[in-house]
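What follows is a set of notes on a single structure, which appears directly below.
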Amino acid sequence: MAELIDGKKLALKIKGEVRVYAEKFEKTLGRKVGLAVVKVGDDPASAIYVRNKVKACDECNVQSFTYFLNGDSSQADVIALIKKLNNDNAVDGILVQLPLPKHVDERTVLAEIAPQKDADGFHVVNAGKLFLGESGGSVACTPRGIIELIKSTDQPIAGKHAVVVGRSNIVGKPIAALLLQNDATVTVCHSKTKNLSDFTKNADILVAAVGKKNFITADMVKPGAIVIDVGMNRDESGLHGDVDFDNVKDVAGYITPVPGGVGPMTVAMLLLNTVCGATSNE
Ligand code: NDP
């Protein structure tokens, strides 16, 4: 029976540390650290994520500024807002909640965020720094949280075979880069990978970021592996991960639950990115 990796508990600890930094910042500079959250349109899941992020700002003594634009706002409207926020001294971090409506190009919009205010770590400059192993960039929140979850097991990462299923720019690719930086041997799988379970069965660390409910089954997992479930799949019965938790927990050594695993860590890392950015820019 796998040991549960408690993302909720770890996130609480990190948010406590962030609050200490944020209070120190306010005492020294006479203003709070500020995070601007931009949401375009009325995607119901985005509304939940934004609400959670604003709540976390309150918990961490960070000032949140929310901007909700109509779904029919133009790309130029979104970019104009970002430019305004780039020049606003009360705003240390900017987050554009994804997905954006189809007529707004995600890459173009994200590229407009000043890299030093890029709380999500999606800007091409910050992604580039991560891949080149350069310090000082903002690291994408979910992958940054995943590394902390793996480290919380006290199992070494160096020399381990890490298999990442999924190659998105926001999860799969950056977590692969971070695992490599931590000296794992990394395999990245995707929808064109043949015989997927040949790879997953050899993973000491398995990260599932696919977006398909119960996609990773017990027969795909190496006994004793660290299994990180990034998936957030909502249906009428609730929130489900990419991992068939009920069966995989009997094979894995460590496993994250959904909810209560990667999700809370993503939010905690967003706050950490914002406060670190504010501190280093002053
Ligand atoms: P994307 O849809 O952008 O990427 C999914 C990836 O899975 C793609 O690379 C795709 O391959 C791959 N894939 C799809 N089908 C298969 C298959 N049959 N075999 C192997 N690989 C496959 O998703 P995201 O990375 O944005 O998100 C993944 C999941 O994580 C989602 O459920 C999302 O909601 C969740 N998520 C959770 C977060 C959290 O904080 N907990 C944060 C961000 C995301 P290909 O590239 O070839 O299409």
Side-chain angles (χ1 to χ4, degrees), residues 5-8 10-11 14-15 37 39 43-53 55-56 95-100 102 105-107 110 119-122 127 130 139-150 162-179 186-203 206-217 219-221 227-235 237-245 255-273:
I5 308 177
D6 190 341
K8 224 171 161 177
L10 190 54
I14 291 166
K15 283 192 286 185
V37 181
K39 180 168 81 69
D43 177 55
S46 292
I48 298 173
Y49 301 145
V50 166
R51 209 178 311 136
N52 288 343
K53 288 167 187 177
K55 184 169 160 266
L95 171 151
V96 176
Q97 185 63 48
L98 302 179
L100 290 169
K102 285 200 168 52
D105 183 58
E106 214 166 274
R107 282 193 194 195
L110 295 179
D120 256 337
F122 295 160
L130 172 63
V139 176
C141 305
T142 301
R144 196 173 179 187
I146 292 172
I147 287 291
E148 293 307 317
L149 288 166
I150 296 171
V163 174
V164 179
V165 189
R167 57 172 166 179
S168 70
N169 290 342
I170 63 169
V171 188
K173 283 178 196 156
I175 186 58
L178 277 177
L179 286 161
V186 183
T187 303
V188 182
C189 302
H190 46 79
S191 68
K192 306 290 185 295
T193 300
K194 292 202 170 78
N195 305 319
L196 180 65
S197 64
D198 286 355
F199 297 98
T200 59
K201 270 194 292 205
N202 278 305
L206 179 59
V207 179
V210 186
K212 291 183 177 164
K213 177 181 167 184
N214 294 345
F215 181 78
I216 302 289
T217 49
D219 57 321
M220 296 169 78
V221 175
V227 178
I228 306 291
D229 189 352
V230 187
M232 297 222 283
N233 309 297
R234 286 177 203 280
D235 64 15
S237 62
L239 185 64
H240 306 275
D242 288 344
V243 175
D244 175 14
F245 181 89
I255 189 166
T256 58
V258 176
V262 175
M265 285 299 284
T266 296
V267 180
M269 289 302 158
L270 169 71
L271 272 298
L272 187 63
N273 272 355

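In each ligand, atom 1 is the first atom listed, and ligand 1 is the first ligand listed. Please read these numbers as outputs of a predicted model, since none were measured by experiment.
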With a heavy-atom distance limit of 4.0 Å, tell me whether T142 approaches ligand 1 through its side chain, its backbone, both, or neither. side chain

Restricting to non-hydrogen atoms, name the atom on C189 and the atom on F199 that form the minimum distance, rounded to 0.1 Å. SG-CB, 3.8 Å

Ranked by distance from atom 9 (O) of ligand 1, the top protein heavy atom is R167 N, 2.8 Å

If only atom types and distance count, is the side chain of T256 paired as donor or acceptor with the main-chain N or O of V262 below 3.5 Å? no

Atom 10 (C) of ligand 1 has as its nearest protein heavy atom S191 N, 4.2 Å

Any donor and acceptor pair, going by atom type alone, linking the side chain of D43 with main-chain N or O of S46 inside 3.5 Å? yes

Counting only heavy atoms closer than 4.0 Å, does ligand 1 sit against the backbone of V171, its side chain, both, or neither? side chain

If we only consider heavy atoms of C189, is any one of them less than 4.0 Å away from an atom in ligand 1? no

Can you tell me how far the NZ atom of K192 sits from the CZ atom of R167, to the nearest 0.5 Å? 6.0 Å

Top protein contact for atom 3 (O) of ligand 1, by heavy-atom distance: S168 CB, 3.4 Å

Show the atoms of ligand 1 that are less than 4.0 angstrom away from any heavy atom in G166. 6 (C), 7 (O), 9 (O)

Polar contacts were defined as any N/O atom of the residue lying under 3.5 Å from an N/O atom of the ligand; does this apply to Y49 and ligand 1? no

Heavy-atom nearest neighbour in the protein, as seen from atom 30 (O) of ligand 1, with distance rounded to 0.1 Å: V230 O, 3.4 Å

When you compare ligand 1 with T266, is there at least one nitrogen or oxygen pair between them that comes in under 3.5 angstrom? yes

Below 4.0 angstrom, counting only protein heavy atoms, does anything approach atom 18 (N) of ligand 1? yes

In terms of heavy-atom contacts, L100 and Q97 come closest through CD2-O, 4.0 Å

K213 and side-chain contact (heavy atoms from CB on, under 4.5 Å): which single residue from V258, L239, D235 fits? D235

With F122 as partner, the option from L95, L110, V96 fulfilling side-chain contact (heavy atoms from CB on, under 4.5 Å) is L110

Heavy atoms, side chains only, cut-off 4.5 Å: are L270 and D120 in contact? yes

Give the residue, atom name and distance (to 0.1 Å) of the protein heavy atom nearest atom 14 (C) of ligand 1. V210 CG1, 3.7 Å

Which atoms of ligand 1 sit under 4.0 Å from any heavy atom of G263? 40 (O), 41 (N)

For ligand 1, which part of K212 has a heavy atom less than 4.0 Å away: the side chain, the backbone, both, or neither? side chain

Residue, atom and distance of the protein heavy atom nearest atom 31 (C) of ligand 1 read G211 CA, 3.6 Å

With respect to V210, which candidate in N233, V171, D229, D242 satisfies the side-chain contact (heavy atoms from CB on, under 4.5 Å) definition? D242

If you define the side chain from C-beta out and look only at heavy atoms, does anything of N273 sit under 4.5 Å from C141? yes

Under 4.0 Å, counting heavy atoms only: does A209 come that close to any atom of ligand 1? yes

Derivation of the side-chain contact (heavy atoms from CB on, under 4.5 Å) call for T193 and H190: CA-CA 5 Å; T193 300; H190 46 79; 3.9 Å; yes

Return the closest protein heavy atom for atom 21 (N) of ligand 1 as residue, atom name and distance. H190 C, 3.1 Å

Students should be able to answer this: which protein heavy-atom is nearest to atom 32 (O) of ligand 1, and at what distance? M232 N, 3.0 Å

Rounded distance (nearest 0.5 Å) linking atom CE of M232 with atom OG1 of T142: 7.5 Å

Ranking L98, V165, I170 by closest non-hydrogen atom to atom 26 (O) of ligand 1, top hit is I170

With a 4.0 Å cut-off on heavy atoms, is N233 in contact with ligand 1? yes

